[in-house]
Amino acid sequence: MPQIKAPKGTRDILPPETSAWQAVERAFASVCARFGYAEVRVPTFEHTELFQRGVGDTTDIVQKEMYTFPDKGGRSLSLRPEGTAGVMRAYVENGMPSLPAPVKLYYLISAFRYENVQKGRYREFHQFGCEAVGSAGPAIDAEMIGLLSVFFGELGLSRLAVRLNSIGCPACRPAYHEALRAYLRPRLGEMCGLCNERFDRNPLRVLDCKEERCQPAIEGAPAQLDHLCADCRAHFDGLKDELDRIGVPYSVDRRIVRGLDYYTRTVFEFVSENVGTQGTICGGGRYDGLVEEVGGPPTPGIGFALGVERLLMEMGAQGIPAAAPATVALYVAAVDEAAGGAARALCHRVRAAGVAAEAEWNGRGLKAQMKAANRMGARYVVVLGGDELAAGTARLKDMKDGSEREVALDRLPQELAAALK
RNA sequence: GUGGAAUUAGUUCAGUGGUUAGAGCGCCAGAUUGUGGAUCUGGAUGUCACGGGUUCAAAUCCCGUAUUCCACCCCA
């Protein structure tokens, strides 16, 4: 039979790597709980229209990167390309606008984008995310950035820069777009072809261009930050004050532009230099029009998405040791198959008493069992043979120093628990 | 969607036209009969990514496809 491989852009996460994943998942859940965020679990696929409306019809994500398919009932469904739209749909659908605000939610999901694969980018990838819905002021923006700062700190990550920007609101954005267009129009001749396309479609994107020839024009371009309305300006200044108060350093980067249509005002990123050109480990921002867009009452919100693959890559690059799989406390070896049954039964009893134990399942010899015990990092080994079974006692061997001591078999779970303290 | 590099054992890789395709690590077994880590000895495992072509002869040269990695685009 021809071999079947994982589809392009997907991969298997296997032990011992899964231990590292579990460790960051636990750390994230722990920080979220402390900050008052509760977990939500939402569907992996939604009606395509949700993403068209929520993420935005003009975005690359919706235009060319979605896994969209008709189901057998003729509905158009799409694998989620990100988490926020689905969570906001659930927020509205389940009456959460009537809960005390802000409603603070977090999630661990995989998301799907049909893109070409490269470093830090996959077709199925994993995100941690938070959403805080129902608070319009900048304090909640700062709380969220503070949450991330604590999370990264607890993982031992340093040197992650916080970049901050404001991209305005529907009130001040049109005027800025006009100013930007007016500035760019006479310079289009000296800029790359792509930027000329961007100029028509979404002039904000021009600011993101890395093309050498476009840099002079970009440097002098007006920034949204300098064209904020009074409310947006006050919000941005308020956020900076809040961040100063909680002691989170940041830099203002007036070129940050998020690729999703729903962002308003605050946008931010946590950036590293260790993830190839995919330096953004975490990106987020405010989305004050999104809830309304998916059919709810006008409600402000802010959230972020954090790329788990990129996070783990960054931890590796910063030399943070990956969490290791749990080790076995006791290995029950059997001299021969006559003692094998008793060994397996003892192993079961010890496990039932709450201690991680292993035994031999393929009838290999004693020496192979000792090797296996050593390799799996077993703390203690007990060897069962005819003598031990007759006497009801066996020697408990400490694999660290090789010392042995006599224990009664029926008291082994208690003895172990005491020895492991 | 575009471009570059790659694909050989479980894994990391060597092998650029000529016998039964190799190494390290890992795995299995043994080194006097019931005890791990070190060392030594032996062993198993390959449709050489897949499909075509050139040739007396292809892992090796050519074409196509897939996948991986890197970059563009964009984003987590």
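Each chain gets a letter, A, B and so on, in the order the sequences are listed, and its residues count up from 1. Computation of the quantities below employed the complete heavy-atom set of this structure, encompassing side-chain atoms and omitting hydrogens, waters and symmetry-equivalent molecules.
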How many whole angstroms separate atom [atom1] of [X] from atom [atom2] of [N]?
{"X": "A:M376", "N": "B:G36", "atom1": "CE", "atom2": "P", "value": "15 Å"}
{"X": "A:D387", "N": "B:U33", "atom1": "CG", "atom2": "C1'", "value": "15 Å"}
{"X": "A:E115", "N": "B:C75", "atom1": "CD", "atom2": "P", "value": "9 Å"}
{"X": "A:K371", "N": "B:C28", "atom1": "NZ", "atom2": "P", "value": "8 Å"}
{"X": "A:Q63", "N": "B:C75", "atom1": "CD", "atom2": "P", "value": "12 Å"}
{"X": "A:F268", "N": "B:C75", "atom1": "CZ", "atom2": "C1'", "value": "15 Å"}
{"X": "A:Y380", "N": "B:G37", "atom1": "OH", "atom2": "C1'", "value": "18 Å"}
{"X": "A:E404", "N": "B:G34", "atom1": "CD", "atom2": "C1'", "value": "11 Å"}

With a 4.0 Å limit, can you tell me whether [X] has a side-chain N or O closer than that to the phosphate oxygens OP1/OP2 of [N]?
{"X": "A:K119", "N": "B:C69", "answer": "no"}
{"X": "A:Q118", "N": "B:C69", "answer": "no"}
{"X": "A:R11", "N": "B:U67", "answer": "no"}

Contacts of A:V383 and A:Y263 projected onto RNA chain B by closest heavy atom; the upstream (5') one is A:V383
Heavy-atom nearest nucleotide on RNA chain B taken for A:A378 and for A:E269; more 5' hit belongs to A:A378
Mind checking A:E124 for me? I need base, sugar-phosphate or nothing, with any heavy atom below 4.0 Å counting as a touch.
nothing
Base, sugar-phosphate or nothing for A:A305? Non-hydrogen atoms, less than 4.0 Å.
sugar-phosphate
Residues at least two apart in sequence or cross-chain that pass side chain to side chain contact (heavy atoms under 4.5 Å, CB included) with A:R349, listed by chain then number, are A:L346, A:P413
Watson-Crick/G-U partner (both atom distances under 3.5 Å) of B:A59
none
Assess whether a salt bridge exists between A:E337 and A:R344, defined as any Lys/Arg side-chain N lying under 4.0 Å from an Asp/Glu carboxylate O.
yes
Go through [options] for me and flag the one nearest to the [X] side chain.
{"X": "A:D60", "options": "B:C28, B:C74, B:U35", "result": "B:C74"}
{"X": "A:V335", "options": "B:G34, B:A31, B:G37", "result": "B:G34"}
{"X": "A:R364", "options": "B:C28, B:A76, B:U35", "result": "B:C28"}
{"X": "A:N116", "options": "B:G1, B:C74, B:C69", "result": "B:G1"}

When rounded to the nearest Å, what value does the distance between [atom1] atoms of [N] and [M] take?
{"N": "B:U65", "M": "B:C27", "atom1": "P", "answer": "41 Å"}
{"N": "B:A58", "M": "B:U47", "atom1": "C1'", "answer": "15 Å"}
{"N": "B:G15", "M": "B:U54", "atom1": "P", "answer": "28 Å"}

Exceeds 12 heavy-atom contacts within 6.0 angstrom, atom OH of A:Y67:
yes
For A:Y380 and A:E404, does a side-chain donor sit closer than 3.5 Å to a side-chain acceptor?
no
Please assess A:E388 against A:T393 for the test side chain to side chain donor-acceptor pair (under 3.5 Å), listing each intermediate value before the final yes or no.
CA-CA 5 Å; A:E388 286 79 5; A:T393 70; over 6 Å; no
Does NZ or CZ of A:R123 fall inside the cone over A:Y114's six-membered ring, less than 6.0 Å from its centre and within 45° of the axis?
yes
hbond_proxy A:R310 side chain to B:C75 base (donor-acceptor, 3.5 Å cutoff)
yes
